[in-house]
Amino acid sequence: QVQLVESGGGLVQPGGSLRLSCAASGNIFSINAMGWYRQAPGKQRELVTRITSTGNTNVADSVKGRFTISRDNAKNQVYLQMNSLKPEDTAVYYCHATGRSSRYTPEYDYWGQGTQVTVSS
């Protein structure tokens, strides 16, 4: 199976920056898209941003100009640089990947366990 492990969450003041990392490991045959979702209390999980293996990106309007996603295909890692953080960015951030663990298995959605990001003064 494929495992995703996030790191880099924590407490930061409004206007500050934080960098999240996610590493994929295990039986990786191929990974297509990797990205980040977030979920705040009482709200649905939402897409923050994602990137394909070819570098195409999707970015939520709420974070455009502030968050940047990047990916290291060789390491199967994805990063989220968060700048100009706002209190409304407070949420659990989940790493996500779409891929397959073998050539015989269908494409599957993989999820990390999440890392807490809190923006507060």
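Fair warning: this is a prediction, and the values are worked out from it, not measured in the lab.
- Using a 4.5 Å cut-off on side-chain heavy atoms (C-beta onward), Ser30 and Glu107 make no contact.
- Contacts classified as salt bridge (Lys or Arg N to Asp or Glu O under 4.0 Å) and involving residues 54-66 (residues at least two apart or in different chains) are given here: Asp61-Lys64, Arg66-Asp89.
- Side-chain contact of Tyr79 with Gln77: a donor-acceptor pair under 3.5 Å is present, judged by distance alone.
- Pro14 has its side chain within reach of Pro87: a pair of non-hydrogen atoms, C-beta onward, lies under 4.5 Å apart.
- Side-chain atoms of Arg50 never come within 3.5 Å of backbone atoms of Asn58 as a donor-acceptor pair (strictly under, hydrogens ignored).
- Shown here are the ring pair (Phe, Tyr, Trp, His ring centres under 6.0 Å) partners of Phe29, two or more places apart in sequence or in another chain: there are none.
- Grouped by direct or indirect side-chain proximity (heavy atoms under 4.5 Å, Ile/Leu/Val/Met/Phe/Trp/Tyr only), Val117 sits with Val2, Leu4, Val12, Leu18, Leu20, Ile28, Ile31, Met34, Trp36, Val48, Ile51, Val59, Val63, Phe67, Ile69, Val78, Leu80, Met82, Leu85, Tyr93, Tyr108, Tyr110, Val119.
- Within a 6.0 Å sphere centred on CD of Gln44, other residues, nucleotides and ligands contribute 12 heavy atoms or fewer.
- The disulfide bond (SG atoms under 2.5 Å apart) contacts involving residues 16-58 comprise Cys22-Cys95, where partners must be two or more places apart or lie in separate chains.
- In this structure, the side chain to side chain contact (heavy atoms under 4.5 Å, CB included) partners of Glu46, at least two apart in sequence or on a different chain, are Arg38.
- Residue pairs meeting the side-chain hydrogen bond (donor to acceptor under 3.5 Å, both in side chains) criterion with at least one member in residues 1-28, sequence neighbours excluded: Ser17-Asn83.
- Between the side chains of Asp109 and Thr98, a donor-acceptor pair is found at a separation under 3.5 Å.
- Between the side chains of Thr54 and Thr52, at least one donor N or O lies within less than 3.5 Å of an accepting N or O.
- Going from atom OH of Tyr94 over to atom CH2 of Trp111 covers 9.0 Å, rounded to the nearest 0.5 Å.
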